[in-house]
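One structure is given below, encoded as structure tokens.
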Amino acid sequence: MTITVPYDERLFERTTRFLLRPQLNRLYVLGAVLVALGVAMLTLTTIDKVVGIVCVILGPLLVFRIGRVTAAQALEAQWSATRAAFNLVIDDQWVSIAYPLAQMRYHWETLARVVEKPDVWYLMFTKSQAVPLPKNLMTPEQQAEFAALAAARTSVVPLRRASAQRA
């Protein structure tokens with residue numbers, strides 16, 4: 001099966017957020033802790049209020065901006081050869097990704113897992129490297145064929161309601 005995946009910065013940003021979610025969740029918790037600590041320092045102590053103000057300012061920045069900033073930095077750092085549509089060729093032995101200027105070929109055994117979301121599959125090579133495969137680019141028959149092939153060749157992380165709402 002061959003699928004052409006057009007270059008889409010929004011899909012790249014979603015993939016980046018998906019990959020960074022565990023790290024970002026820790027930063028969100030840290031941001032909330034900083035806000036609580038800052039408020040406590042401002043209301044309960046008479047010592048230097050500057051630290052409390054800094055905590056109250058940095059906390060929301062971590063919670064509300066770090067994901068967008070990180071995704072923007074990843075987009076800027078993206079290899080120029082991959083800023084193009086790519087062909088994804090999948091058979092029972094190989095997953096091949098062909099950009100106009102670069103080509104990669106992976107044996108199915110190198111895939112760590114496939115994560116299913118409502119509108120995309122992520123072919124996970126490592127915890128920080130994934131190739132998105134949008135479902136809307138495939139016919140229902142291709143989706144069924146890919147799902148069966150992925151289930152036979154890797155561990156498929158099934159779609160969960162909670163994760164489906166966050167993606």
Side-chain angles (χ1 to χ4, degrees), residues 1-31 58 60-167:
M1 133 181 22
T2 300
I3 299 157
T4 299
V5 179
Y7 179 69
D8 180 359
E9 285 188 6
R10 286 188 355 217
L11 179 61
F12 178 79
E13 182 179 341
R14 282 185 53 208
T15 303
T16 301
R17 285 178 183 245
F18 168 76
L19 292 172
L20 294 175
R21 186 181 345 235
Q23 293 86 355
L24 290 176
N25 285 344
R26 289 184 207 120
L27 290 175
Y28 297 152
V29 169
L30 177 61
L58 285 180
L61 287 176
L62 282 176
V63 171
F64 297 110
R65 296 292 300 160
I66 196 72
R68 289 186 186 106
V69 169
T70 304
Q73 287 176 337
L75 184 61
E76 286 179 22
Q78 185 183 13
W79 185 33
S80 62
T82 61
R83 287 184 185 230
F86 64 90
N87 286 326
L88 188 62
V89 180
I90 301 167
D91 62 31
D92 62 341
Q93 296 291 319
W94 298 96
V95 175
S96 300
I97 304 161
Y99 289 94
L101 300 175
Q103 183 172 347
M104 290 134 314
R105 187 173 180 203
Y106 302 95
H107 201 274
W108 268 102
E109 293 170 356
T110 62
L111 253 73
R113 67 186 193 277
V114 175
V115 178
E116 182 182 10
K117 296 291 183 180
D119 58 343
V120 67
W121 278 293
Y122 291 109
L123 285 67
M124 303 291 299
F125 295 97
T126 67
K127 289 181 181 180
S128 61
Q129 183 184 10
V131 173
L133 177 54
K135 293 179 180 180
N136 67 344
L137 301 177
M138 305 168 77
T139 65
E141 294 80 21
Q142 286 176 318
Q143 289 185 31
E145 180 184 352
F146 175 77
L149 194 55
R153 296 289 183 182
T154 66
S155 63
V156 176
V157 177
L159 177 66
R160 294 179 296 181
R161 288 185 193 264
S163 63
Q165 293 171 352
R166 285 182 267 158

Got a list of side-chain donor-acceptor pairs under 3.5 Å for residues 85-96, not counting sequence neighbours?
residue: Asn87; atom: OD1; partner: Thr4; partner atom: OG1; Å: 2.6
residue: Asp91; atom: OD1; partner: Gln93; partner atom: N; Å: 2.8
residue: Asp91; atom: OD1; partner: Trp94; partner atom: N; Å: 2.6
residue: Gln93; atom: OE1; partner: His107; partner atom: NE2; Å: 3.2

>> A side-chain contact here means heavy atoms from C-beta on lying under 4.5 Å apart; do Val69 and Gln73 qualify?
In response: yes
> Can you find a pair of side-chain heavy atoms, one from Trp121 and one from Met138, that are under 4.5 Å apart?
Replying inline: yes
>> Contact between Pro134 and Leu11 at the side-chain level, heavy atoms closer than 4.5 Å - yes or no?
In response: yes
> Taking it one step at a time, do Arg17 and Glu13 satisfy side-chain contact (heavy atoms from CB on, under 4.5 Å)?
Replying inline: CA-CA 6 Å; Arg17 285 178 183 245; Glu13 182 179 341; 3.4 Å; yes
> Could you walk me through whether Leu30 and Arg26 pass the side-chain contact (heavy atoms from CB on, under 4.5 Å) check?
Replying inline: CA-CA 6 Å; Leu30 177 61; Arg26 289 184 207 120; over 6 Å; no
>> Would you say that Tyr122 contacts Val120 through its side chain, given a criterion of any heavy-atom pair below 4.5 Å between the two side chains?
In response: yes
> Taking only residues two or more places apart in sequence or in another chain, which ones pass salt bridge (Lys or Arg N to Asp or Glu O under 4.0 Å) with Arg153?
Replying inline: none
>> Among residues at least two apart in sequence or on other chains, which ones pass side-chain hydrogen bond (donor to acceptor under 3.5 Å, both in side chains) with Asp8?
In response: none
> Quick one: does Val131's side chain get under 4.5 Å of Leu133's, heavy atoms only?
Replying inline: no
>> Using the side chain to side chain contact (heavy atoms under 4.5 Å, CB included) criterion, which residues pair with Ser128? Sequence neighbours excluded.
In response: Thr126
> Are the side chains of Asp119 and Asn136 in touch, meaning some heavy atoms are under 4.5 Å apart?
Replying inline: no
> Got Leu111 and Phe125 here, is their nearest side-chain heavy-atom distance under 4.5 Å?
Replying inline: yes
> So, Thr70 side chain and Ile66 main chain: donor-acceptor pair closer than 3.5 Å or not?
Replying inline: yes
Please output the side-chain donor-acceptor pairs of residues 141-148 that fall under 3.5 Å, not counting sequence neighbours, one pair per line with the distance.
residue: Glu141; atom: OE1; partner: Thr139; partner atom: OG1; Å: 3.4
residue: Gln142; atom: OE1; partner: Thr139; partner atom: N; Å: 3.0
residue: Gln143; atom: NE2; partner: Lys135; partner atom: O; Å: 3.0

>> Nearest 0.5 Å, please: how far is CD1 in Ile97 from CD in Gln103?
In response: 10.0 Å
> In chain order, what residues pass the side-chain hydrogen bond (donor to acceptor under 3.5 Å, both in side chains) check against Tyr7, with sequence neighbours excluded?
Replying inline: Gln78
> Does Gln129 CD have over 12 foreign heavy atoms under 6.0 Å away?
Replying inline: yes
>> Could you go through Val5 and Ile3, starting from their C-alpha distance and side-chain angles, then the distance that decides it, and tell me whether this counts as side-chain contact (heavy atoms from CB on, under 4.5 Å)?
In response: CA-CA 6 Å; Val5 179; Ile3 299 157; 4.3 Å; yes
> Side chains of Val115 and Met124: closer than 4.5 Å at any heavy-atom pair?
Replying inline: yes
